[in-house]
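If you're wondering where the values come from, they're calculated on a predicted model, not measured in any experiment. Here is how names work: the chains are called A, B, and so on, in the same order as the sequence lines, proteins then strands, and each is numbered from 1.
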There are 2 protein chains.
Amino acid sequence: MKQGITAKDVAKLAGVSQSSVSRVYFEGATVSQKTREKVLAAAKELGYRPNEFARSLITNRTKIIGLVMKGVQNPFYPQVLKQFTTAFKKLGYSILFVYTNNDEIQKDDIDTLLNYNVAGVIITDATLSLQANEDLFNNRIPLVLFNRKIVGNKFFSVCCNNLEASKQIAQYLLKTGCSNMIYISGNENTSTSKEREKGFVTVLEENKVKYKKYISDYTYEGGYETIEEIVSQGKIPEAIFVANDIMALGVIDALKKHQISVPDEVKVVGFDNIEMSAWPSYSLTTWEQPINEMVKRTVDYLTAEINEYSGFTKNIEIDGRLIVRNSTYNS
Amino acid sequence: MKQGITAKDVAKLAGVSQSSVSRVYFEGATVSQKTREKVLAAAKELGYRPNEFARSLITNRTKIIGLVMKGVQNPFYPQVLKQFTTAFKKLGYSILFVYTNNDEIQKDDIDTLLNYNVAGVIITDATLSLQANEDLFNNRIPLVLFNRKIVGNKFFSVCCNNLEASKQIAQYLLKTGCSNMIYISGNENTSTSKEREKGFVTVLEENKVKYKKYISDYTYEGGYETIEEIVSQGKIPEAIFVANDIMALGVIDALKKHQISVPDEVKVVGFDNIEMSAWPSYSLTTWEQPINEMVKRTVDYLTAEINEYSGFTKNIEIDGRLIVRNSTYNS
DNA sequence: TTTATTTTTGCATACGTATGCAAAAATATA
DNA sequence: TATATTTTTGCATACGTATGCAAAAATAAA
């Protein structure tokens, strides 16, 4: 069980005690400059590397952030992954990546996070059970729901202001003269889809404008198939608001297949502003999620809670902006 | 420093020793069924959870796989990420995700992997220094280069058979009657781009067919800009082989912008078979990477090396297949 | 029933580090 | 120079678990 070079070896070579070696590597600990230099020289000569497990065993803390993600193949989330990894790396944290195939994170994934006593958890597009939340709380592990929220507000969540966004989208489409619209939702139970619908519907009802909702699943194929259904019903609307961009791209491709001209016959608006939205084959009008600010707020909250756990909860909603492209406007 | 429920607490409640508790949780250890039941009942009642750090400190092993990724926003790699996470989760391993912005993994990232004494490392689209490789070797941490290889063959790498693929792509384009072609490369120094070029060029030279190479960077924008350059030079080829799909999509959009008809005037072939290649707006002919087999071979090698480290190296090349769509063939 | 063999268990210890506390060393003040 | 104060250091210990080994218990054989 004997491993490599230890703090004892370094201490011997540097002519100090093991606890002085430890103090050199422990931020904020008191150690003289002279001792520090001796230790670092010895450590370098021996190729010493602090043992992270021994440290975590003593401190009961890690420099690991658990990141739980479901829709990793939606181009919005790799961007999120990249930004979180980059931001936390600067702070000395590593990312334990958990992929989940379910709307709700599974118990064995929670167990993994607890077993490693991660410093914090981010769940990007899934939810979690009350039991799981309690487990994290009891272990004083701060949690952020990213781009999701759960009714009851016992969580810290960071989202785009979906309600305001969808109101503005509705108003924008009204202003372009549309009077017959549909909303294509994501997975029925997600907070994002519900709110995007609500804002949209509220404005349309205030203006006594006809609308209809179709349920889909946040995938390209789901968007495509919904248009197939709408076309087969012979009910082509003047405008379509789609709950996310990847689905909207499927909508556009299906409309093209049926020789339905965008935006002349049907206007299409998505949500996210993924990279592909700007591609000329789509040129999708969309709501840009304020991803930089969302990541920043998440990182700020987690680092504050890691430093001093309070368990406080809040729902943060950040405004994005409408990006108008050729799916709603002829340029 | 006192943490939660420990094996001692469980032992006391179950009326056995701490080492018997440990034996229940350690696979392969000898423990009677009666003792096992008593321990598990006590553990459940107390909500016991083995401390991963104490374990790793003793065993010097973890159940963490380091996954280093550069092009996380190329749709090929989120798919890879998802599959690795799923495959290793079944084996009880978690993924420590490392994003790198560089062609070569940086020292501080290697340090992270070493500090956590990961059980294995996968690097998907970057390389590493000889020093880094030596560090991993000295710590008996198995490494796989995924979709990359380094000349000299001192690594274990798993790739698509790029040479054979690009030969077949060249032959396919010849058979369609093209006699004037270009190759758009990825980042100049990557093994994948070099090999995809080599196979292509070899066949074209054997057949005395004109070709030209343009250097790009594996991004959509890179592909788009290369076409802008080619068009400004007034040298429209009959066929374009692009080193990866995301770049090929940019190529198609730029050709469309210039009213250049695909495949009538120019045929376009990509590489990867990402999800977007099948979208009707592109319908890209491409070489499908055998991702399932590549992931399987990687997982198999790592688990074998984790069980019994040998350090053996090999270059695995797996055949993919040509997927013909409308960018080369009118249907 | 006694003896031999196998299985199970507990004791004692180690893994590598951080940390409370008292002692030693360094610095400041009279 | 002596005293007071502050800074630095080493000692001893604990963190929670796995493990070598001898002892105890269980099982098999004579």
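Distance CD1 (A/I58) to P (C/dG20): 11 Å, rounded to an integer number of Å. Per the geometry, CZ belonging to B/F26 stands 14 Å off C1' belonging to C/dC15, to the nearest Å. Whole-Å rounding puts the B/N60 CG to C/dG16 C1' distance at 11 Å. A/N51 has its CG atom 17 Å from the P atom of D/dG16, to the nearest Å. Rounded to whole Å, the distance from CZ on B/R55 to C1' on D/dG16 is 11 Å. When the C1' atom of C/dT19 is taken as reference, atom CZ of A/R61 falls 15 Å away, rounded to whole Å. Atom CG of B/L57 and atom P of C/dC15 are 9 Å apart (whole Å). Note: CD1 (B/I5) to P (D/dG16) measures 10 Å, nearest angstrom.
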Please list, pair by pair, any protein nitrogen or oxygen found under 3.5 Å from a nitrogen or oxygen in nucleotides 5-11 of chain C.
| residue | atom | partner | partner atom | Å |
| --- | --- | --- | --- | --- |
| C/dT9 | OP1 | B/S32 | OG | 2.9 |
| C/dT9 | OP1 | B/T35 | OG1 | 2.2 |
| C/dT9 | OP2 | B/S32 | N | 3.1 |
| C/dG10 | OP1 | B/S17 | N | 3.3 |
| C/dG10 | OP2 | B/S17 | N | 2.9 |
| C/dG10 | OP2 | B/S17 | OG | 2.6 |
| C/dG10 | OP2 | B/S20 | OG | 2.5 |
| C/dG10 | N7 | B/S19 | OG | 3.2 |
| C/dG10 | N7 | B/R23 | NH2 | 2.8 |
| C/dG10 | O6 | B/R23 | NH1 | 3.4 |
| C/dC11 | N4 | B/S19 | OG | 3.3 |

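Side chains of A/Y218 and A/T192: a donor on one and an acceptor on the other come within 3.5 Å. B/E52 and A/N117 are not linked by any side-chain donor-acceptor pair at a separation below 3.5 angstrom, with hydrogens and angles left out of the test.
Pair assignment for C/dA22 gives D/dT9, based on Watson-Crick or G-U wobble hydrogen-bonding distances that are each under 3.5 Å.
A salt bridge links A/K149 with A/E317; the closest basic N to acidic carboxylate O contact falls under 4.0 Å.
For the pair A/L40 and A/Y25, the minimum side-chain heavy-atom distance is below 4.5 Å. Residues A/T190 and A/D125 are not in side-chain contact: their nearest non-hydrogen atoms beyond the backbone lie 4.5 Å or more apart.
With B/F156 as the fixed residue, the ring-ring contact (aromatic ring centres under 6.0 Å, His included) test singles out one of B/Y309, B/F137, B/F146, B/F312: B/F312.
Contact between the side-chain N/O atoms of B/Y48 and the OP1/OP2 oxygens of D/dT17 is found at a separation under 4.0 Å.
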